[in-house]
S.K.: 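Right, I'll just put the structure down here and ask away after.
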2 protein chains.
Amino acid sequence: MTISEVSRLYNISADTLRYYEKAGMIPPVGRTDGGIRDYGEADCSWVELAICLRSAGLSVEAIAEYVRLSLEGEDTITPRLLLLKEQRELLMGKYEKMRLAMERLDYKILKYEQAQKSGVLEW
Amino acid sequence: MTISEVSRLYNISADTLRYYEKAGMIPPVGRTDGGIRDYGEADCSWVELAICLRSAGLSVEAIAEYVRLSLEGEDTITPRLLLLKEQRELLMGKYEKMRLAMERLDYKILKYEQAQKSGVLEW
DNA sequence: CCTTGACTTAAAGTGAACTTCAGCCTATAT
DNA sequence: ATATAGGCTGAAGTTCACTTTAAGTCAAGG
């Protein structure tokens, strides 16, 4: 698979794919004889993981660290597990903040809808 | 309340509070005769709302727009409601992405824990 | 009076995550 | 063979949300 195919597949720019690789968020992708990236299944899985975690707000840094450990071999299972758990905690914190904000928005939306129906804004 | 008190209360720097005001994320704060900011209850509520929405990922721009409409008067209820609903949708999208990433992390964590127990990494 | 903390504008700096650019190379179709 | 579409690189540029700096003025308390 070429970079533009992967780009279309995951709806992410080719530039960003190259950037992700350079930043270490995915392991180095295989190349053709001419030096052009040729994404295999494993490469795609890494890309997918990176996109999923980034879109949830994990830092480039954290994802790169996980990949770095993964490439280092099986001795790194413990630190990898630690990293994943830490990131999960971080995510949980953000999740909670979002839930709170959403509750707040819902309350306001409700109030505005009531005001709109009754034509009154006192509350 | 002085700016430093509000700063301590919400754990946000005085600089950021001034920035939020300048950016329109909160309405202009009342002043003493000497021109020093004096935060009242309403000001604090605005600050709280701004912090809550920012921490959930709403843009400075969107929050400022909501405040701008609020200050414009009661004629703006409809656009305000629209704005809140739009932002809620945006938030929902992010929320969903986070849920997905969390599921993925949980799956990986589980696998790593199993691997750690059995001493095997094949999966 | 003097210190401490608040005020101003305007601009530069920071860090994160891309994005764009310039200039060159590869692949494929004609 | 050549045109053209797409890929490569490193470096510089952009955007967002602050944060800091400069270079002052002003105010409240001991």
Side-chain angles (χ1 to χ4, degrees), chain A residues 1-26 28-40 43-44 46-47 49-68 87 90-91 94 97-98 101, chain B residues 1-26 28-40 43-44 46-47 49-68 87 90-91 94 97-98 101:
Chain A
M1 261 191 167
T2 69
I3 201 168
S4 60
E5 283 165 345
V6 179
S7 163
R8 246 164 285 143
L9 180 59
Y10 294 114
N11 206 32
I12 179 178
S13 82
D15 279 323
T16 300
L17 278 167
R18 278 188 284 257
Y19 165 74
Y20 276 14
E21 186 176 343
K22 205 163 161 184
M25 285 167 69
I26 56 172
V29 173
R31 307 289 180 119
T32 65
D33 288 351
I36 287 176
R37 285 176 183 79
D38 184 17
Y39 292 78
D43 295 312
C44 286
W46 280 112
V47 168
L49 177 66
I51 292 172
C52 175
L53 297 182
R54 262 310 285 141
S55 75
L58 291 217
S59 72
V60 165
E61 181 50 33
I63 301 172
E65 174 69 3
Y66 175 73
V67 171
R68 203 184 59 67
Q87 294 301 314
L90 267 173
L91 220 52
K94 289 189 193 176
K97 279 185 179 176
M98 273 171 116
Chain B
M1 258 189 169
T2 70
I3 200 168
S4 60
E5 282 165 347
V6 179
S7 162
R8 245 165 286 141
L9 179 59
Y10 293 114
N11 207 33
I12 181 178
S13 83
D15 280 325
T16 300
L17 279 168
R18 277 188 284 255
Y19 166 73
Y20 276 15
E21 187 176 342
K22 205 165 163 184
M25 288 168 68
I26 57 173
V29 173
R31 307 289 180 120
T32 64
D33 288 351
I36 287 176
R37 284 176 185 78
D38 184 18
Y39 291 79
D43 296 312
C44 287
W46 279 111
V47 169
L49 178 66
I51 292 173
C52 175
L53 296 183
R54 262 310 287 141
S55 76
L58 292 216
S59 73
V60 166
E61 181 50 34
I63 301 172
E65 174 68 3
Y66 175 73
V67 171
R68 202 184 59 69
Q87 295 301 314
L90 266 172
L91 221 53
K94 290 189 193 175
K97 281 184 177 175
M98 274 172 114

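Letters go in sequence order (proteins before strands), and every chain restarts at 1.
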S.K.: Considering all heavy atoms of both residues, which atom of A:G57 and which atom of A:K94 are nearest to each other, and what is their separation?
M.R.: O-NZ, 3.0 Å
S.K.: Counting primed atoms plus P, OP1 and OP2 as sugar-phosphate and everything else as base, spell out the protein contacts along nucleotides 18-26 of chain C at 4.0 Å heavy-atom distance: B, S or - for each nucleotide, 5' to 3'.
M.R.: BBB-----S
S.K.: May I have the distance from B:I63 (atom CD1) to D:dA17 (atom C1'), rounded to whole angstrom?
M.R.: 11 Å
S.K.: Around atom CD of B:E61, are there more than 12 heavy atoms from other residues, nucleotides or ligands closer than 6.0 Å?
M.R.: no
S.K.: Could you tell me the separation between the NZ atom of B:K22 and the C1' atom of C:dC7, rounded to a whole number of Å?
M.R.: 12 Å
S.K.: Which whole-number value in Å describes the distance from B:R31 CZ to C:dC7 P?
M.R.: 6 Å
S.K.: Could you check how far CZ of B:R18 sits from C1' of D:dT20, rounded to whole Å?
M.R.: 12 Å
S.K.: Flag the pair B:R18 and B:E21 as a salt bridge only when some basic side-chain nitrogen lies within less than 4.0 angstrom of an acidic carboxylate oxygen.
M.R.: no
S.K.: Strictly below 4.0 Å: does A:S4 bring a side-chain N or O up to OP1 or OP2 of D:dG7?
M.R.: yes
S.K.: Taking OP1 and OP2 of D:dG6, is either one under 4.0 Å from a side-chain nitrogen or oxygen of A:T2?
M.R.: no
S.K.: How close or far is atom P of D:dG7 from atom CE of A:M1, stated in whole angstroms?
M.R.: 13 Å
S.K.: Within less than 4.0 Å of OP1 or OP2 of D:dT9, is there a side-chain N or O belonging to A:R37?
M.R.: yes
S.K.: Which heavy atom in A:I63 sits nearest to a heavy atom in A:A50, and how many Å separate them?
M.R.: CD1-O, 4.0 Å
S.K.: In whole angstrom, what separates A:E5's CD from C:dA27's P?
M.R.: 14 Å
S.K.: Let's see if you can work this out: which of C:dA10, C:dA6, C:dT8 has an atom nearest to the side-chain heavy atoms of B:I3?
M.R.: C:dA6
S.K.: How many Å lie between CD on A:E61 and P on C:dA16, as a whole number?
M.R.: 8 Å
S.K.: Which heavy atom of A:L17 sits nearest a heavy atom of A:V47, and at what distance?
M.R.: CD2-CG1, 3.7 Å
S.K.: How many Å lie between CG on B:N11 and C1' on D:dC18, as a whole number?
M.R.: 16 Å
S.K.: Please walk me through it: do A:I26 and A:D43 pass side-chain contact (heavy atoms from CB on, under 4.5 Å)?
M.R.: CA-CA 8 Å; A:I26 56 172; A:D43 295 312; over 6 Å; no
S.K.: For a quick test of reading the model, state the closest non-hydrogen atom pair linking B:V67 to B:G24 and the distance between them.
M.R.: CB-O, 3.4 Å
